[in-house]
Amino acid sequence: MNLRDLGGYPTPLGPTRHDVSIRSDNQASLTDADLEILAGIGLRSIIDFRREQEVERDRSRVPTTVEHRLHLPIGGHASHQVDWVQLMLDGEITEYPVSEVVAGYRKMMTEHARTFGVVVTHVAAADTAPTLFHCTAGKDRTGAAALLLLGLVGVPRQHLVDDYLLSNELRALPRMRALAPRFEERGVDIERFRPMFSAPPEAIEAALALIDEVGGFERYATDLAGVDVETIAALRSRLVHPT
């Protein structure tokens, strides 16, 4: 699974705390053992970025400890009622360039800034941790939320990039390996669609560039996402373990 704790990253005040904020792909494939692990850390909140049709397709399994469930749908290519793989195999889509992913990220972070603001506000609250947030693949919508949370508490840029790119190892590469035989059988080069399946570095750089353009993470949060400075301070208190 593409599931990981956002704890342990360096910030100017100390490392980010474990068992506060967790990012993931969809929860439909959780085993009973997985549910026990999440219940064992006292998981209290789940934020789901998937559209309704995604939720219907892959019903989440939820630990009994969860008290708060937020459904904050965000659009994206993974959410459409379209079998993208079949369109690729049938030749109706011949490639998916990285420029499409870059444009999608800029649109998502602009049009859904207020949604990401809700995430910041929820994680900053006193009675919500641990919070798990997820979409379908756990790389795009989830990646943008993780970027904002970590960026607001001062995690260095390279760690932000590394956290984003980890989705390639945990999700994209295994999925492409699983799909490769079907593509080979139809004589279709799966590499032409790698940007859709993966977390390309150009996407995270585009997201960071947009944040730079508006004046940094705090300005993005206050001006676009509707988060006040008191909430940002509370987020830092919740997410960072001072040294």
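Just so you know, residue 1 is the first one in the sequence shown, and it goes up from there.
With respect to I41, the side chain to side chain contact (heavy atoms under 4.5 Å, CB included) criterion is satisfied by exactly one of I22, V20, T65: I22. Partner of R194 under the side chain to side chain contact (heavy atoms under 4.5 Å, CB included) criterion, chosen from L173, D189, V101: L173. When each of H68, R69, H122 is checked for a side-chain hydrogen bond (donor to acceptor under 3.5 Å, both in side chains) with S45, only H122 meets the rule.
Shown here for T243 and P15, the closest heavy-atom pair between the two residues is CG2-CD, 3.5 Å. Of all heavy-atom pairs spanning P130 and G42, the tightest one is CD-O, 3.2 Å. Closest of all the heavy-atom pairs between T16 and L150 is CG2-CD2, 4.3 Å. Nearest heavy atom pair, residue H18 against residue D5, reads CA-OD1, 3.6 Å. Nearest heavy atoms, S167 versus A199: CB-CB, 4.2 Å. Among all heavy-atom pairs drawn from I232 and A221, the shortest one is CD1-CB, 3.9 Å.
Under the 3.5 Å distance criterion, with hydrogens and angles disregarded, a donor-acceptor pair is assigned to the side chains of S60 and R50.
Taking the side chain as every heavy atom from C-beta outward, R4 and D163 approach each other to under 4.5 Å. Between R219 and E213 the shortest side-chain heavy-atom distance does not fall below 4.5 Å. No side-chain heavy atom of L132 sits less than 4.5 Å from a side-chain heavy atom of V66. Residues N26 and F49 form no side-chain contact, since every pair of their non-hydrogen atoms from C-beta on lies 4.5 Å or further apart. You'll find the side chain of L148 reaches within 4.5 Å of the side chain of L152, heavy atoms only. Between Y105 and L210 there is no side-chain heavy-atom pair separated by less than 4.5 Å. With contacts defined as side-chain heavy-atom distances shorter than 4.5 Å, the pair E205/E202 does not qualify. Taking 4.5 Å as the limit, every side-chain heavy atom of R23 sits out of range of all side-chain heavy atoms of L149.
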Given side chain to side chain contact (heavy atoms under 4.5 Å, CB included), test L160 with I204 step by step and report yes or no. CA-CA 9 Å; L160 299 177; I204 189 68; 5.6 Å; no
For a side chain to side chain contact (heavy atoms under 4.5 Å, CB included) check, start with the C-alpha distance between R61 and D32, then their side-chain angles and the critical distance, and finish with the verdict. CA-CA 9 Å; R61 303 194 69 199; D32 290 344; 2.8 Å; yes
Could you please spell out the steps behind the side chain to side chain contact (heavy atoms under 4.5 Å, CB included) verdict for F197 and M88? CA-CA 12 Å; F197 290 122; M88 296 170 191; 3.8 Å; yes
Run the numbers on R57 and R51 for side chain to side chain contact (heavy atoms under 4.5 Å, CB included), then give the verdict. CA-CA 10 Å; R57 185 179 64 233; R51 298 288 293 273; over 6 Å; no
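Between the CG atom of D19 and the CG atom of L38 there is a distance of 10.0 Å, given to the nearest 0.5 Å. Atom SG of residue C135 and atom CG of residue D25 lie 8.0 Å apart, to the nearest 0.5 angstrom. Taking OG from S198 and CG from D140, the interatomic distance works out to 9.0 Å, rounded to the nearest 0.5 Å. Here the CE atom belonging to M108 is positioned 7.0 Å from the CD1 atom belonging to I74, to the nearest 0.5 angstrom. Between the NE2 atom in H134 and the CZ atom in R141 there is a gap of 10.0 Å [rounded to 0.5 Å]. Rounding to the nearest 0.5 Å gives a distance of 8.0 Å between CG of L165 and CD of Q158.
Criterion: ILVMFWY side-chain heavy atoms under 4.5 Å apart, direct or through other members. Under it, I46 and V55 are not part of a common hydrophobic cluster. Residues M1 and L43 share a hydrophobic cluster, clusters being chains of Ile/Leu/Val/Met/Phe/Trp/Tyr side chains in contact below 4.5 Å. In the hydrophobic cluster analysis, where Ile, Leu, Val, Met, Phe, Trp and Tyr join through side-chain heavy atoms closer than 4.5 angstrom, L166 is grouped apart from V161. Both Y9 and L13 are members of a single hydrophobic cluster when ILVMFWY side chains are connected at heavy-atom separations under 4.5 Å. I211 is connected to Y164 through a chain of hydrophobic side-chain contacts under 4.5 Å among Ile, Leu, Val, Met, Phe, Trp and Tyr, so both are in one cluster.
Within a 6.0 Å sphere centred on CD of E56, heavy atoms belonging to other residues, nucleotides or ligands number more than 12. More than 12 heavy atoms of other residues, nucleotides or ligands shown are found within 6.0 angstrom of CD on E95.
Between the R17 side chain and the L239 main chain, no donor and acceptor come within less than 3.5 Å of each other. Looking only at distances, no side-chain donor or acceptor of N2 sits under 3.5 Å from a matching main-chain atom of R171.
Below 30°, between 30° and 60°, or above 60°: for F193 and F183 the angle between ring planes is between 30° and 60°, a tilted geometry.
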